[in-house]
Amino acid sequence: MLKATLRSFLAHKGRLLLSALAIILSVAFVAGSLIFSDTVTRTFDRLFASTSADVTVEPKQDLKSQVPTGQTRTLPAALAPRLAKVDGAASVHADVSVQNVTVVDSRNKSVGPTTGGPTIASDWYVTDRSPVRLTSGRAPASGDEALLDADTADKKHVRIGDTLTVLAQPGTFRVRIVGIATFRTTNPGAALVFLDPRTAATQLLGSADRATSIEVNAARGVSDTQLKRRVAAVVGTGSYDIRTAGEQAKSAAADLGGFLDVIKYVMLGFAGIAVLVGVFLIVNTFSMLIAQRTRELGLLRALGADRRQVRRSVLSEAVLLGLVGSTLGLAAGIGLAAGLIKLMSVFGMNLKTTEMVVGWGTPVAAYAVGVGVTFVAAYLPARRAAGVSPMAALADAEIAGIGKPLRARAVVGSVVGVLGAAALAGCAAATRTASAASLLGLGVVLTLIATVIAGPLLVRPVIRVLGGAFPALFGSIGRMSQRNALRNPRRTGATAAALMVGLALVGGMSVASASMSRSFDQQIDKTLGADFVVQNSNFVPFSQDVTDAVRGTEGVGLVVRQRFAPVAVRLPDGKRVETTAAGYDDGVDDVAHVTYAAGNTAAALAPGSLGMDAGFAKDHHVRVGSTLPVEFPGGQRTRMRVGALTDQDNSGGFGMRGGLFFGISTVEKYVPGGQDSALYVDRSAGTSADRLRANLERTLTPYPQVQVRDQADYKKLVHDQIAVLLYLVYALLGLAIIIAVLGVVNTLALSVVERTREIGLLRAIGLARRQLRRMIRLESVVIAVFGAVLGLALGLVWGVCTQQVLALQGMKALAIPWSTIVAVVIGSAVVGIVAALLPALRASRMNVLAAIAHE
């Protein structure tokens, strides 16, 4: 049996190759994502560990905010001399490092990263742990001198002697580049500017007496933990965060972890789609191979092989296929990881492929996915093979795809489908986002399983409709192609299922993204009343110079500032909620259309008052007049009266949880040193919108970090952000289509082999080669369109239910992108034509006499 298994496996190399490709793709994405994330994690762990001081003292970060405020948290530089006296402290340095700066060249072009990385301005202080070393020029020695990192200098064509302008929180100043510093290890994608220590503190923090952290290095024989305890005894832990090098590295890695997780999960998403679609391809391949080997299996049974041996033989072939596919997939995954590492250099993150990390978990995961998926996918065909009787060797009959198994599918598919429909109906009726999202996920999984199970039952009624015009258009050729697709419903259903999964995903996400875009458009039309909004390209706050410049622009009438502050609110139901609140100037009613359930803007912006989203207030038993304890950064606490409740049809009011907002004077009082995040600008009387825009753009030329946007620009910005999600879905769809094409090619190729004698007889009675190719192409098209119809129908249901979940977050508009749906159906027909090219060509080249004599 072992020899027979090996010979059978080697005899069907071509047939199994397409299935192996599906395994290779899925394993490559799994292995590639693990290798890439492990490599980046290890690289940055080394970077953070090698550059962190033994003990670092920083201002306590008691409230974390997802929205940047522009505030720089500082501590007294006078702590450094005190800590220098700590027993075991070898060196102490008051460090200055800020990220809320913009640096431009002589042409007012930003020299910072364009890929989302920060621009960091720091003081120049050289130790053996410095991330960079001076490689050209000299160190800065006065207030108008600076160093620039080599990567930024190369990309932005900055040379020693060039003058740059630094836009910092306290003000704008110019520096002359006197040296270039090169990274010792990995460049994390940032642009670095170094100033002499006194200039850094004065120009970046506004005072030579402030610092952003104190770095303490231990003397020989003193551990980091011992030094930390001694430092804490001197400064206390009430106002400061004190971390060892290991803790600091872990904290920095955690901040980076979110970015890495996005890449990792996207990659694993591709792997999941590849695995899911590959399952259908493998099941189909083994089912057809077993059907074609009925006589061979029957002879094995007649010669004495029992059911278990036959089943074991088929599963052994699957394991061999899985091993080969997993090995090649692991190699492809290493190549994919290397490509990703090279790609990261585009984003300024210069990793080295020579430092690639292939942990023991990667090959384990690769072989578990490849072999495991193949084994599971082949199990049902193996059970079917074991059921072949010795008499089948005489009959040479194909295992039927109808009868009891289809009746069982009908029962199971109906039960699972009803449960899935009930979950989706519950999702549509839910009033809470969390429960609605859970029901949506459950409904999607169950309806997908139900459609896959019941797919063969839908083959005959749907394909009769889809191919109904074939006889009229193509005569007998069209009739035969339709009947060929109907011949084995299970096979047709499994082939179409591979394409259905990808199209269901793209259909659902297309509806969701179109609904989000329309909802945001309606919300912008409804709420934004300002002529223009001045805002940073990536929503980072900007310096006071920008605000002053806008106010001084000709034609500007009203200017309303927006500034954010992290807060914690203790609610009447006992819950403490950390969120981000927004501060506004008076005049909000002139630049935004705010709908109130109670109170008004004046009451919300009054000193000691705040506004809140009505839905959030209702959930936590808050009403107008309630007094709430509010905590600001640095442990500052106060009590604020709820002056107004907004009803903006979007949970969170102005976009943050709870929709909290108050007067900008409150932000300035409790979060001093913050920066404006947006300016809402109205034109003065007699100034046209076009004229004001031209004036603002001219005024803001020296500030390339900010843009002037009107309603149309805002809508385009939102659409572009949603499009990023949609492009990811299209990429997933592309992968699914690639594997689905392999599945259709595999099915048709095996079908041609199966019908060799039939094709020979058709050719003998006059069927031309061109007619034969057309028959196979039409069969392929109708199968592909069948998969598209099922997938899009399922996707539309998912999309509508997803929109119901979004409606609970205020995105109530439903939009169905019919143009996308039509394009997908047409594209599916093209996929069917492409997939049929090789099988049709092979069939047309058959020798007629040899085909008739084929057994």
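In this chain, numbering begins with 1 at the start of the sequence shown.
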Problem set entry | Residues Asp589 and Thr601: side-chain donor-acceptor under 3.5 angstrom | yes

Exercise. What distance do Tyr125 atom OH and Glu215 atom CD have between them, rounded to the nearest 0.5 Å?
Worked result: 8.0 Å

Problem set entry | Least distance between heavy atoms, Asp149 atom then Ile180 atom | C-CG2, 4.3 Å

For this session: Drop me the distance from Arg551's CZ to Leu679's CG, to the nearest 0.5 angstrom.
Result: 7.5 Å

Exercise. Which word best sums up how the rings of Phe194 and Trp124 line up, parallel for under 30°, tilted for 30 to 60°, or perpendicular for over 60°?
Worked result: perpendicular

Problem set entry | Pair Thr820-Ser510, side-chain contact (heavy atoms from CB on, under 4.5 Å): steps then yes or no | CA-CA 8 Å; Thr820 300; Ser510 295; 3.9 Å; yes

Problem set entry | Main-chain N/O of Thr127 paired with Ser130 side-chain donor or acceptor, under 3.5 Å | yes

Problem set entry | Donor-acceptor pair, side chain of Arg518 and main chain of Ala815, under 3.5 angstrom | no

Exercise. Which heavy atom in Thr119 sits nearest to a heavy atom in Val101, and how many Å separate them?
Worked result: O-CG2, 3.5 Å

Exercise. So, Arg563 versus Gln675: side-chain donor-acceptor pair below 3.5 Å or not?
Worked result: no

Problem set entry | Non-hydrogen side-chain atoms of Leu167 and Gln705 separated by less than 4.5 Å | yes

Exercise. So do the side chains of Val567 and Thr580 get within less than 4.5 Å of each other, counting heavy atoms only?
Worked result: no

For this session: Report yes or no: does Gln523 contribute a side-chain atom to a donor-acceptor pair with the main-chain N or O of Ser519 at less than 3.5 Å?
Result: no

Exercise. Should Asp162 and His157 be marked as a side-chain hydrogen bond (donor to acceptor under 3.5 Å, both in side chains) after you check the CA-CA gap, both sets of side-chain angles, and the distance that decides it?
Worked result: CA-CA 10 Å; Asp162 289 352; His157 309 293; over 6 Å; no

Seminar exercise, completed: Correct closest heavy-atom pair for Thr699 and Ala549 would be CG2-O, 3.4 Å

Exercise. Could you walk me through whether Thr172 and Asp545 pass the side-chain hydrogen bond (donor to acceptor under 3.5 Å, both in side chains) check?
Worked result: CA-CA 8 Å; Thr172 300; Asp545 292 354; 2.3 Å; yes

Exercise. Going by distance alone, is a donor N or O of one side chain under 3.5 Å from an acceptor N or O of the other, for Asp144 and Ser142?
Worked result: yes

For this session: Taking all non-hydrogen atoms of both residues into account, name the closest pair between Ala568 and Glu578 and its distance.
Result: CB-CG, 4.0 Å

Problem set entry | Trace of the side-chain contact (heavy atoms from CB on, under 4.5 Å) decision for Val708 with Leu700 | CA-CA 9 Å; Val708 180; Leu700 295 173; 3.7 Å; yes

Exercise. Any chance the side chains of His719 and Asp521 put a donor and an acceptor closer than 3.5 Å?
Worked result: yes

Problem set entry | Whether Asp123 side chain and Val96 backbone form a donor-acceptor pair below 3.5 Å | yes

For this session: State, with a plain yes or no, whether a side-chain heavy atom of Gln203 is found less than 4.5 Å away from one of Val175.
Result: no

Exercise. Side chains of Thr152 and Leu192: does their closest heavy-atom pair fall under 4.5 Å?
Worked result: no

For this session: Report yes if some heavy atom in the side chain of Tyr714 is under 4.5 Å from a heavy atom in the side chain of Leu528; otherwise report no.
Result: yes

Exercise. Side chains of Thr553 and Asn695: is there a donor and an acceptor less than 3.5 Å apart?
Worked result: no

Exercise. So do the side chains of Thr212 and Thr72 get within less than 4.5 Å of each other, counting heavy atoms only?
Worked result: yes

For this session: Report yes or no: do Thr202 and Thr199 form a side-chain donor-acceptor pair below 3.5 Å?
Result: no

Problem set entry | Distance-minimising heavy-atom pair for Ala153 and Arg159 | O-NH1, 3.6 Å

Seminar exercise, completed: Residues Val111 and Ala191: closest non-hydrogen pair is O-CB, 4.2 Å

Exercise. Does Leu147 reach the side chain of Arg138, with side-chain heavy atoms less than 4.5 Å apart?
Worked result: no

Exercise. If we only count heavy atoms from C-beta on, is the Asp710 to Asp531 side-chain gap below 4.5 Å?
Worked result: no

For this session: Output yes when a side-chain donor or acceptor of Gln535 lies under 3.5 Å from a complementary backbone atom of Ala678, and no otherwise.
Result: no

For this session: Could you tell me whether the side chain of Arg709 and the main chain of Val534 form a donor-acceptor pair under 3.5 Å?
Result: no

For this session: Give the C-alpha distance, both sets of side-chain angles, the deciding distance and a yes or no for side-chain contact (heavy atoms from CB on, under 4.5 Å) between Thr547 and Arg561.
Result: CA-CA 8 Å; Thr547 303; Arg561 296 174 294 166; 4.1 Å; yes

Exercise. Between Tyr584 and Tyr680, what is the ring plane arrangement, given parallel below 30°, perpendicular above 60°, and tilted in between?
Worked result: tilted

Exercise. Is a side-chain N or O of Arg683 found less than 3.5 angstrom from the main chain of Thr687, in a donor-acceptor match?
Worked result: yes

